[in-house]
Amino acid sequence: MKNSYSKSKIVVYLLTFCFLGFNAWGQTAEWRLVQTNFSSVDPDAGGPAHGSVQFQLQMRAQSGTITAGTISTGFSFQSYLAALPTGVTCPGSAPYQNNPPNIVLSTEFATAGYSYNAVLQCNALSETIGTETFTQRAIGTLVNGSITLTTAWTPAFTATLWTLGTSSPQGGFAMLHSGELGSPGQFTTYGITDPLGDPIPTNSLSYSIPIPLGTVGTLPVLFTNYNVNCNDKGTAISWSTATEMNSSHFEIQKNANGTWATIDKVAASGNSNEIRKYQYLDLEAGVAQYRIKQVDLDGHFVYSPVRYTSCESRKNINIVIFPIPVSDVLNVAIRTDKAIRTELQLLDMSGRIVKRQAAVLNSGNSNLSINVSNLSTGEYIIRSSDETLKLSQKFTILR
């Protein structure tokens with residue numbers, strides 16, 4: 001009789017688990033941040049804010065349905081470009097707030113019984129994701145409710161920040177940052193549990209690729225990589241983008257004497273949803289700061305973070321071609337002490353000129369790009385029509 005009762009009890013527990021937690025078992029939830037509104041009007045007419053921005057935390061099941069219980073989540077932002085609205089305070093002795101005025105639950109989550117409490121709005125941090133550095137976060141927990149997530153995105157709450165910037169993205173960037181697990185996020189525990197308290201794996205889709213906060217409909221270029229390193233030729237600058245919309249060009253800017261100056265320009269891809277890689281070689285090098293200014297077709301612009309180097313300039317190096325081998329675009333870095341008009345010529349191994357490109361070189365450092373995507377795999381020679389450059393180098397096209 002005792003064994004029968006115990007078995008019945010186990011069956012009840014299993015049935016309860018199946019009813020509440022089976023849909024979540026072995027499945028994965030996803031969450032993301034999505035901007036919903038931007039205003040360029042000063043929200044309190046008193047400065048220093050120039051506008052305000054709203055964004056949502058949205059959630060869904062990766063497949064099927066998931067019954068969610070407690071949810072620990074939050075967001076990080078750049079406090080030098082965005083600020084908490086007036087009325088959202090950060091008392092030093094009691095930094096936690098329940099249901100702060102700038103975080104409003106969605107109808108779906110409010111109807112499901114949730115409240116957003118234990119919100120730490122003023123947690124200072126310094127964390128770099130990609131090329132963006134985040135300095136403040138708001139974290140909290142959605143509690144006292146239960147909701148079934150489907151594969152459709154469901155808003156959980158809307159957050160409001162005041163924007164401090166004057167160019168897009170006016171509020172900088174924001175990312176999911178709950179202190180919980182997320183892939184590709186670098187968290188440590190699970191951010192969602194089912195009503196029984198069992199963890200549900202959760203992908204944080206706005207962690208490794210933060211969202212821009214600013215002008216609706218104008219997405220700036222999203223830098224996913226930006227490096228400035230020394231090599232045996234000078235200072236090598238490389239960057240890549242995940243998305244580009246109406247992008248015109250990049251300006252490589254250098255500060256060697258207390259003043260920023262554009263040392264060259266590189267054409268952008270215009271519109272792209274693929275990873276685009278760019279390279280530049282500063283043969284002048286020296287002790288300097290570098291940044292990339294990305295300019296849109298409509299004149300809006302954003303800056304990359306600043307990088308500092310103290311690379312040595314190799315005075316005996318006048319001409320460098322890279323990368324070797326090359327696939328699509330051959331870069332030519334040239335340093336001269338005078339302005340030169342020349343023609344760069346590509347020759348196949350039979351000596352036949354297969355491509356010509358006019359080039360205007362300024363005194364100092366110049367970077368040129370030659371599209372070789374229409375040339376066959378093999379060995380070639382690049383030379384200049386101006387013999388003073390003494391350019392005659394072999395390179396390989398490999399795909």
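Quick note: residue numbers are just sequence positions, from 1.
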Residues N255, Q253; criterion side-chain hydrogen bond (donor to acceptor under 3.5 Å, both in side chains); working and verdict: CA-CA 7 Å; N255 179 7; Q253 297 191 341; over 6 Å; no
Check step by step if ring pair (Phe, Tyr, Trp, His ring centres under 6.0 Å) holds for W239 and Y280. CA-CA 9 Å; W239 67 99; Y280 185 85; 7.6 Å; no
Could you check T135 against S79 for side-chain hydrogen bond (donor to acceptor under 3.5 Å, both in side chains), going step by step and ending with a plain yes or no? CA-CA 6 Å; T135 56; S79 56; 2.6 Å; yes
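For the residue pair D194 and T67, no side-chain donor N or O sits within less than 3.5 Å of a side-chain acceptor on the partner.
A distance of 7.5 Å separates OG1 in T70 from CG in N144, rounded to the nearest 0.5 Å. The distance from atom CZ of R276 to atom OG of S269, rounded to the nearest 0.5 Å, is 4.5 Å.
Partners of F157 according to the ring pair (Phe, Tyr, Trp, His ring centres under 6.0 Å) rule, which considers only residues two or more places apart in sequence or in another chain, are Y116. Listed by chain and number, the residues in a side-chain contact (heavy atoms from CB on, under 4.5 Å) with D348 are S350, R352, V354, Y380 (sequence neighbours excluded). Partners of F77 according to the ring pair (Phe, Tyr, Trp, His ring centres under 6.0 Å) rule, which considers only residues two or more places apart in sequence or in another chain, do not exist here.
Screening residues 224-289 for disulfide (SG to SG under 2.5 Å) gives C230-C311 as the qualifying pairs, with residues at least two apart or on separate chains. For residues 36-67, the set of pairs meeting the disulfide (SG to SG under 2.5 Å) definition, not counting sequence neighbours, is empty.
Grouping Ile, Leu, Val, Met, Phe, Trp and Tyr residues whose side-chain heavy atoms lie under 4.5 Å apart, directly or via other members, leaves V104 alone, with no other cluster members.
Remark: side-chain polar atoms of S247 are not paired, donor with acceptor, to backbone N or O of G270 under 3.5 angstrom.
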